[in-house]
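Only one structure is covered here, and it is reproduced in the block below.
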Protein chains: 2
Amino acid sequence: MQKVLQAVADPIRLSLLRQLAAKEPEEIPCGVFDLPVGKSGLSHHFAVLRMAGLLEQRDQGQQRLNRLRREEVEAAFPGLLALVLRDDGDNAARS
Amino acid sequence: MQKVLQAVADPIRLSLLRQLAAKEPEEIPCGVFDLPVGKSGLSHHFAVLRMAGLLEQRDQGQQRLNRLRREEVEAAFPGLLALVLRDDGDNAARS
DNA sequence: GCTGTTGTTCGATCCACATCAAACATAGTA
DNA sequence: TACTATGTTTGATGTGGATCGAACAACAGC
């Protein structure tokens, strides 16, 4: 739980989850994410999300495909995904 | 949103919220929380939770009473409180 | 074999933040 | 007034973790 909260508390990782959810159920290789970090940093964030049980990786050829573990997460933390994947509006609003 | 997630991602603050929720609707002065931090650290954590909109403070005499902003939080982030205030079992379980 | 692509790992750096101790502020009480 | 209790603020310290670059590993195609 603590681990999951810390995982989603990072803006990079949150964006990562959202991009992943947006293309669901497609599995996305690490390289195609649009994020302001180098590939080593990206690899780190993927590891954190994986450890937290939020996503799963699967090797296919030279690339590693990522899948959001939606069902498992929903079972362990009901409502979490619905909450954090929300298209905020919280950034622009509140003006 | 980001601010709220970072707020609840800290174990001290999470415990603080849970202790507050456990005694609801009673308002709790800062000093009675059972946490492994000094009073200055505690004051810091209260400030973070306040900035995140999770609780409210009210002066009464020499003490400052804390109230969980349950309704407001539920309106802004539906399901969040139900999720993070859950009595985990996630610590002991998974054995 | 060699080269390019994808991702991980390692080492170093940097910074936000959690923490503490001490000083301060305010309210109550003697 | 002085003293105590409750919190806040400030300044300093330590540390986890986010980041980068370079080296490395595995795979595909030449």
Side-chain angles (χ1 to χ4, degrees), chain A residues 1-21 23-24 26-69 84 90-91, chain B residues 1-23 26-69 84 90-91:
Chain A
M1 158 65 104
Q2 204 69 50
K3 209 182 300 187
V4 174
L5 289 178
Q6 281 167 356
V8 298
D10 182 275
I12 297 287
R13 288 192 288 265
L14 191 52
S15 171
L16 212 158
L17 285 179
R18 285 177 175 160
Q19 293 183 37
L20 201 52
K23 299 203 177 179
E24 230 177 5
E26 194 183 343
E27 296 171 287
I28 312 293
C30 302
V32 310
F33 288 84
D34 177 27
L35 291 170
V37 294
K39 56 178 185 171
S40 58
L42 195 57
S43 183
H44 163 65
H45 286 300
F46 273 113
V48 173
L49 290 172
R50 210 177 39 220
M51 305 288 190
L54 293 175
L55 57 80
E56 206 176 43
Q57 297 185 315
R58 173 172 79 85
D59 282 6
Q60 188 194 51
Q62 27 186 352
Q63 48 196 13
R64 180 159 292 191
L65 298 180
N66 299 280
R67 183 183 72 83
L68 186 58
R69 300 183 65 217
V84 304
D90 203 34
N91 305 321
Chain B
M1 157 67 102
Q2 204 68 52
K3 208 182 302 188
V4 174
L5 288 178
Q6 282 168 355
V8 298
D10 183 275
I12 297 287
R13 287 192 288 265
L14 190 52
S15 170
L16 214 158
L17 284 180
R18 285 177 176 161
Q19 293 184 36
L20 200 53
K23 299 202 177 179
E26 193 183 343
E27 295 172 288
I28 313 293
C30 302
V32 310
F33 288 84
D34 177 28
L35 291 170
V37 294
K39 56 178 185 171
S40 58
L42 195 57
S43 184
H44 163 65
H45 286 300
F46 273 113
V48 173
L49 290 172
R50 210 176 41 221
M51 305 288 189
L54 293 175
L55 57 80
E56 206 176 41
Q57 298 185 315
R58 173 172 79 87
D59 283 5
Q60 190 194 48
Q62 28 185 349
Q63 49 197 12
R64 181 160 292 189
L65 299 180
N66 300 279
R67 182 183 75 82
L68 185 58
R69 299 184 65 218
V84 303
D90 202 35
N91 305 323

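Computed from heavy atoms alone, side chains included, the values below leave out hydrogens, waters and symmetry copies. The sequence lines fix the lettering, A, B, ..., with proteins before strands; numbering per chain opens at 1.
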Open item on the list: Evaluate A:R67 against A:E27 for salt bridge (Lys or Arg N to Asp or Glu O under 4.0 Å), listing each step before the verdict.
Closed with: CA-CA 5 Å; A:R67 183 183 72 83; A:E27 296 171 287; 5.1 Å; no
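- B:R50 contributes no side-chain N or O that, together with a main-chain N or O of B:E56, makes up a donor-acceptor pair within less than 3.5 Å.
- For the pair B:Q19 and B:I28, the minimum side-chain heavy-atom distance is 4.5 Å or more.
- Residue B:H44 places no side-chain N or O under 4.0 Å from the OP1 or OP2 atom of D:dT10.
- Along DNA chain D, the nucleotide closest to A:G61 and the one closest to A:D10 are compared, and the more 5′ of them pairs with A:D10.
- A straight line from CZ of A:F46 to P of D:dT19 spans 13 Å, rounded to a whole angstrom.
- Remark: the backbone N or O of A:A9 is paired with a side-chain donor or acceptor of B:Q2 at under 3.5 angstrom.
- Contacts of A:D59 with the nucleic acid, taken as non-hydrogen atoms under 4.0 Å apart, are absent.
- Rounded to an integer number of Å, the gap from CD of B:Q62 to P of D:dC3 is 17 Å.
- When the C1' atom of D:dC20 is taken as reference, atom NE2 of A:H45 falls 12 Å away, rounded to whole Å.
- Going from atom CZ of A:R58 over to atom C1' of C:dT6 covers 16 Å, rounded to whole Å.
- Proximity of B:R64 to the phosphate of C:dT26: no side-chain N or O atom is located under 4.0 Å from OP1 or OP2.
- The interatomic distance linking A:Q63 (CD) with D:dC27 (C1') rounds to 11 Å, in whole Å.
- The side chain of A:S40 sits closest to C:dC10 out of C:dG7, C:dC10, C:dA18.
- Among the heavy atoms of the strands, none lies under 4.0 Å from A:L42.
- If you measure from atom CZ of B:F33 to atom P of D:dT6, you get 14 Å, rounded to the nearest angstrom.
- Among C:dA21, D:dT8, D:dA18, the nucleotide with an atom closest to any side-chain atom of B:S43 is D:dT8.
- Residue A:Q6 contributes atom CD, which lies 13 Å from atom C1' of C:dC17 at whole-angstrom precision.
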- [ ] Determine, stepwise, if the pair B:R13 / B:V8 fulfils side chain to side chain contact (heavy atoms under 4.5 Å, CB included).
- [x] CA-CA 6 Å; B:R13 287 192 288 265; B:V8 298; over 6 Å; no
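- When rounded to the nearest whole Å, the span between CE of B:M51 and C1' of C:dC17 equals 14 Å.
- Using a 4.0 Å cut-off, some side-chain N or O of A:Q57 falls inside it from OP1 or OP2 of C:dT8.
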